[in-house]
Number of protein chains: 2
Amino acid sequence: MVTSRTHGGDPHAEYHHGNLRTALLNAVEQQLPEKGPEGVSLRAAAKAVGVSSAAAFRHFRDKRAVMSAIAARAHNGMADRMEAASDEARKNNTSQFVAIGHAYLDFALSEPMRFQTMFRTKLLDTADEDLIKAEERLTSILLTHGGDVDPSRSYSTTDRENANQNGPFPSFALLAWGAVHGLANLAIEDAIPGTPTEDRKAVIHSALALIGRNV
Amino acid sequence: MVTSRTHGGDPHAEYHHGNLRTALLNAVEQQLPEKGPEGVSLRAAAKAVGVSSAAAFRHFRDKRAVMSAIAARAHNGMADRMEAASDEARKNNTSQFVAIGHAYLDFALSEPMRFQTMFRTKLLDTADEDLIKAEERLTSILLTHGGDVDPSRSYSTTDRENANQNGPFPSFALLAWGAVHGLANLAIEDAIPGTPTEDRKAVIHSALALIGRNV
DNA sequence: CTTGCATGTTATCATTGATAACATCATTTT
DNA sequence: AAAATGATGTTATCAATGATAACATGCAAG
């Protein structure tokens, strides 16, 4: 439990915590599932770590800085899972597009509050460099493998011509992103009527299956 | 500004407000755009209406009751717009499916914080009857006109067979809902990279166009 | 050794949701 | 008409939270 310190067991042995920053982040992540992005308390986190409430502000400018770090972690966590899933799919010669879609949903449904934190702009510092990097990493994955389903299978030629003309996101990739993102959010917020929690995934997968060949 | 009262201009003329409940709701809705669903303050609303902070709790059990009323209003507001758009489309002999999709998006993008409040389950009382009714009204519209695009145009037979087998929402309607909902949320949270605010709608429409014939 | 910086601590604030005890007016009951 | 009753507001008062200022402590560099 004791972090790396130089000297021994005097009463002030824990004066300098050693790794308070990440300890606080961990404490915040621990209350996240129950309290939600807006409900987490820095003071509670500080108390949990065994430190005064003001100590947090030596490591974070304000609460937004904390939440930005949490969001960056979440972005990277999801990106990791998506890359792993994509690699696996490549090996198995199955659709990487489907794989990252599933990974997106899995992450969102298994860690709903971390997922929501990623998109709670009001809580985040849009200038936080780590967060920006993490966001770019994620959207880059979405972009890279989000277009490798051939829309010509199911969509008209004029639609296919549209498929790449908007911003950094080809329309089809954006549609797919929007669909998983929206369905994940609806599921998390319990907005899909008549669907018990266990059936969620199946119902959503069945809906997503309509998008490409079978997402 | 003076509400309906019985007697004249004595110092206590405004002792009973007359319509404090809706006045408070209006005041809350006014701070909603800037403060967001979690940021609104009952005390501030009470002060704005010119009443003590405790007065609010004579009309609302707690903050969740207030937010539930706001959410119910928003649900009904969106339902109104969707019905109007749907009727218009019926007259013009254009797709009602497309019309309600556009209405959903328009509402979400023009009143983002009211829209978000509708789905902030943490802030809402899931047992609030008015809210439940409003939710049912909205999902009923989504259900009624959400399926009137024939998936057989673009999707495989096996997919079409799946189209109605899940809960109250046929898969296709759920997919469409998820797509508009997700794209709206991504836009509101500024998560779509490289897309200035003015281009949002166009980009999203272009993506949604891939879903049916042209949503 | 001593000076300086990083890191924590102890007050202290303003804001907020919430509750209790009390006041006031309108309406109904006698 | 007088009095009881209930709805509606008011004035304290609480605990929790984010945030800041003033102070303390210990390590590390000169």
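Letters A, B, ... mirror the listed sequences (proteins, then strands); counts begin at 1.
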Verify side chain to side chain donor-acceptor pair (under 3.5 Å) between B:Asn26 and B:Arg21, making sure each step is shown before the conclusion.
CA-CA 9 Å; B:Asn26 292 339; B:Arg21 190 192 147 94; over 6 Å; no
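Atom NZ in A:Lys35 sits roughly 12 Å away from atom P in D:dG18 (whole-Å rounding). Computed from coordinates, the A:Met67 CE to D:dT17 C1' distance equals 14 Å when rounded to whole Å. Distance, A:Arg21 CZ to C:dT7 C1': 15 Å, rounded to whole Å. When the P atom of D:dA7 is taken as reference, atom CG of B:Asn19 falls 17 Å away, rounded to whole Å. Regarding B:Glu38, its CD atom lies at a distance of 17 Å from the P atom of D:dT17, rounded to whole Å. Counting to the nearest Å, the C1' atom of D:dG18 and the CG atom of A:Leu123 are 13 Å from each other. In this entry the distance linking CG of A:Leu24 with C1' of D:dG18 reads 14 Å, nearest Å.
Contact between the side-chain N/O atoms of A:His59 and the OP1/OP2 oxygens of C:dG8 is found at a separation under 4.0 Å.
Ion pairing between a basic and an acidic side chain is recognised when a charged N comes within 4.0 Å of a carboxylate O; B:Arg200 and B:Asp190 show such pairing. Between A:Arg137 and A:Asp80 there is a salt bridge, since a side-chain N of the basic residue sits under 4.0 Å from a carboxylate O of the acidic one. Salt bridge B:Glu189/A:Lys122: absent, no basic N to carboxylate O contact under 4.0 Å. Comment: A:Arg81 engages A:Glu111 in a salt bridge, judged by a side-chain N to carboxylate O separation of less than 4.0 angstrom.
Not less than 6.0 angstrom separates the ring centroid of B:His102 from the ring centroid of B:Phe107.
Annotation: side-chain hydrogen bond (donor to acceptor under 3.5 Å, both in side chains) contacts involving residues 55-68 of chain B, sequence neighbours excluded, are absent.
Axis orientation changes by 10° from one end of the helix from C:dC1-D:dG30 to C:dT30-D:dA1 to the other, with each end axis drawn from 5 pairs and the value rounded to 10°.
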Expected rows: protein N/O vs nucleotides 15-19 of chain C N/O, under 3.5 Å:
{"unit_1": "C:dG17", "atom_1": "OP1", "unit_2": "B:Val40", "atom_2": "O", "d": "3.2"}
{"unit_1": "C:dG17", "atom_1": "OP1", "unit_2": "B:Leu42", "atom_2": "N", "d": "3.3"}
{"unit_1": "C:dG17", "atom_1": "OP1", "unit_2": "B:Lys63", "atom_2": "NZ", "d": "2.9"}
{"unit_1": "C:dG17", "atom_1": "OP2", "unit_2": "B:Ser41", "atom_2": "OG", "d": "3.4"}
{"unit_1": "C:dG17", "atom_1": "OP2", "unit_2": "B:Leu42", "atom_2": "N", "d": "2.9"}
{"unit_1": "C:dG17", "atom_1": "OP2", "unit_2": "B:Arg43", "atom_2": "N", "d": "3.2"}
{"unit_1": "C:dG17", "atom_1": "N7", "unit_2": "B:Arg43", "atom_2": "NH1", "d": "2.7"}
{"unit_1": "C:dG17", "atom_1": "O6", "unit_2": "B:Arg43", "atom_2": "NH1", "d": "2.8"}
{"unit_1": "C:dA18", "atom_1": "OP2", "unit_2": "B:Lys63", "atom_2": "N", "d": "2.9"}

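Under a 3.5 Å cut-off, the side chain of B:Ser206 and the backbone N or O of B:Ala202 do not form any donor-acceptor pair.
Using cut-offs of 30° and 60° on the angle between ring planes, the pair B:His75 and B:Phe119 is tilted.
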